[in-house]
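Owing to the predicted nature of the structure, the values given are computational and were not obtained by experimental measurement. Worth knowing before you read on, the calculation uses all heavy atoms, side chains too, and leaves out hydrogens, waters and symmetry mates.
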Amino acid sequence: MAMREEEKFRQMLEEPVNRLIPRLAIPSMVSMIVVAVYNMADTFFVSRLGTSASAAVGVVFSMAAIIQAIAFMIGMGCGNEISRLLGAKEQEEAERYVAVGFFTELIIGTMIAIIAGIFVETLVYALGSTKTIAPYAMQYARIILFGSPFMMASLGMNNMLRFQGNSFYSMIGISTGGVINMFLDPLFIYVGKMGIGGDSYRHSGFAITMPDHASLCSDYHGQYVFPNHRISA
């Protein structure tokens, strides 16, 4: 059960730093390890399709990294302000920042998907694709771009959870996604005979349907909430 609001407030302000930092840092470290292992597993499965498919994933990965960087920027910016407001017990203002951050991620992700989707051929060549790799890279990029608004929203909520002091819930969301994706990769690529498209469909589909931070922290009223703070959408 999540801590009551007052207990969480006292923990963040009064608990000794030498105990508080490991409590917040260890779940984040676990999340990073899971993501690293997942990336290695993903590279292994795709590499078995051939060198062109593997190279296409490498080309599109740089685009995905830019999208993730934008999502982190928004999530961390809002998270900093949210943590400051929660420390000042200005809960309503903190809730507004969560809503602004969440919907900003969705809107910017949608804009990126539309603009990059229109110029996807130019984009993959700008990222270093060759004529041999370009067909694979464009196929992969289009599907990744389709899921980018949902991926950005999930990453933003992840960072806002951490800044609230709930890095454990952030770890659950990321670790669940990473583990399930490792099992879905061979199913989509080999069993479903979808090739590199299967990898991208799996990636984007899971960004949409994964039990991410918003749904992990939602109640039966259908509102977005943190474990301690209800956020009206």
All heavy atoms of Val124 vs all of Ala141, minimum pair found to be CG1-CB, 4.4 Å
What closest approach, in Å, do Thr110 and Pro149 show between heavy atoms, and which atom pair accounts for it? N-CG, 3.5 Å
Quick check: do Tyr97 and Met160 have side-chain heavy atoms less than 4.5 Å from each other? no
Apart from Ile118 itself, which Ile, Leu, Val, Met, Phe, Trp or Tyr residues share its cluster (side-chain heavy atoms under 4.5 Å, direct or through members)? Ile114, Ile115, Phe119
May I ask you to test the Ser83-Arg162 pair for a side-chain heavy-atom distance under 4.5 Å? no
Side chain to side chain contact (heavy atoms under 4.5 Å, CB included) between Leu145 and Ile67: does it pass, once the steps are laid out? CA-CA 9 Å; Leu145 287 169; Ile67 295 172; 4.1 Å; yes
Hey, what do you get for CG (Asn159) to CE (Met73), rounding to the nearest 0.5 Å? 12.0 Å
Write down the atom of Ile82, the atom of Ala94, and the distance for their closest heavy-atom approach. CG1-O, 3.9 Å
Contacts of type side chain to side chain donor-acceptor pair (under 3.5 Å), residue Glu121, not counting sequence neighbours: none
Hphob cluster co-occupancy, Met157 + Phe103, side-chain heavy atoms under 4.5 angstrom: yes
Looking only at heavy atoms, what is the nearest atom pair of Cys78 and Gly101, with distance? SG-CA, 3.6 Å
Cluster question for you: counting only ILVMFWY and a side-chain heavy-atom cut-off of under 4.5 Å, with indirect links fine, are Phe61 and Ile133 together? no
Would Val60 and Tyr140 count as a side chain to side chain contact (heavy atoms under 4.5 Å, CB included) here? Give the steps. CA-CA 7 Å; Val60 178; Tyr140 193 83; 3.4 Å; yes
Under the side chain to side chain contact (heavy atoms under 4.5 Å, CB included) test, which residues partner Leu123, sequence neighbours left out? Met63, Ala116, Leu127
Main chain of Phe150, side chain of Ser154: is a donor-acceptor contact present, judged purely on distance under 3.5 Å? no
With the 4.5 Å side-chain cut-off for hydrophobic clustering, are Leu85 and Phe102 part of the same group? yes
Test side chain to side chain contact (heavy atoms under 4.5 Å, CB included) on Ile70 and Met152 and set out the steps. CA-CA 8 Å; Ile70 296 170; Met152 287 186 64; 3.7 Å; yes
To the nearest 0.5 Å, how far apart are CD1 in Ile112 and CD1 in Ile107? 12.0 Å
Under a 4.5 Å side-chain heavy-atom rule over Ile, Leu, Val, Met, Phe, Trp and Tyr, are Met151 and Ile66 clustered together? yes
Quick one: salt bridge (Lys or Arg N to Asp or Glu O under 4.0 Å) pairs with a partner in residues 97-117, sequence neighbours left out? none
Exercise: identify the closest heavy-atom pair between Leu24 and Pro27: O-CD, 3.6 Å
Which value, rounded to the nearest 0.5 Å, describes the distance between Ser129 atom OG and Tyr136 atom OH? 11.5 Å
Using the rule that Ile, Leu, Val, Met, Phe, Trp and Tyr join whenever any side-chain heavy atoms are under 4.5 Å apart, tell me whether Phe44 and Tyr190 fall into a single cluster. yes
Interatomic distance, Met32 atom CE to Met29 atom CE [nearest 0.5 angstrom]: 8.5 Å
As a quick check of understanding, evaluate side chain to side chain contact (heavy atoms under 4.5 Å, CB included) for Met171 and Ser28, giving each step before the final call. CA-CA 6 Å; Met171 178 193 72; Ser28 298; over 6 Å; no
How long is the gap from CD1 on Ile144 to OG on Ser148, to the nearest 0.5 Å? 9.0 Å
Determine which pairs satisfy side chain to side chain donor-acceptor pair (under 3.5 Å) with at least one residue from residues 69-82, sequence neighbours left out, and list them in order. Glu81-Arg84
So, taking the atom named OG1 in Thr122 and the one named CE in Met138, what distance separates them when rounded to the nearest 0.5 Å? 9.5 Å
According to side chain to side chain donor-acceptor pair (under 3.5 Å), does anything in residues 50-66 pair up with another residue at least two apart or in another chain? List the pairs. none
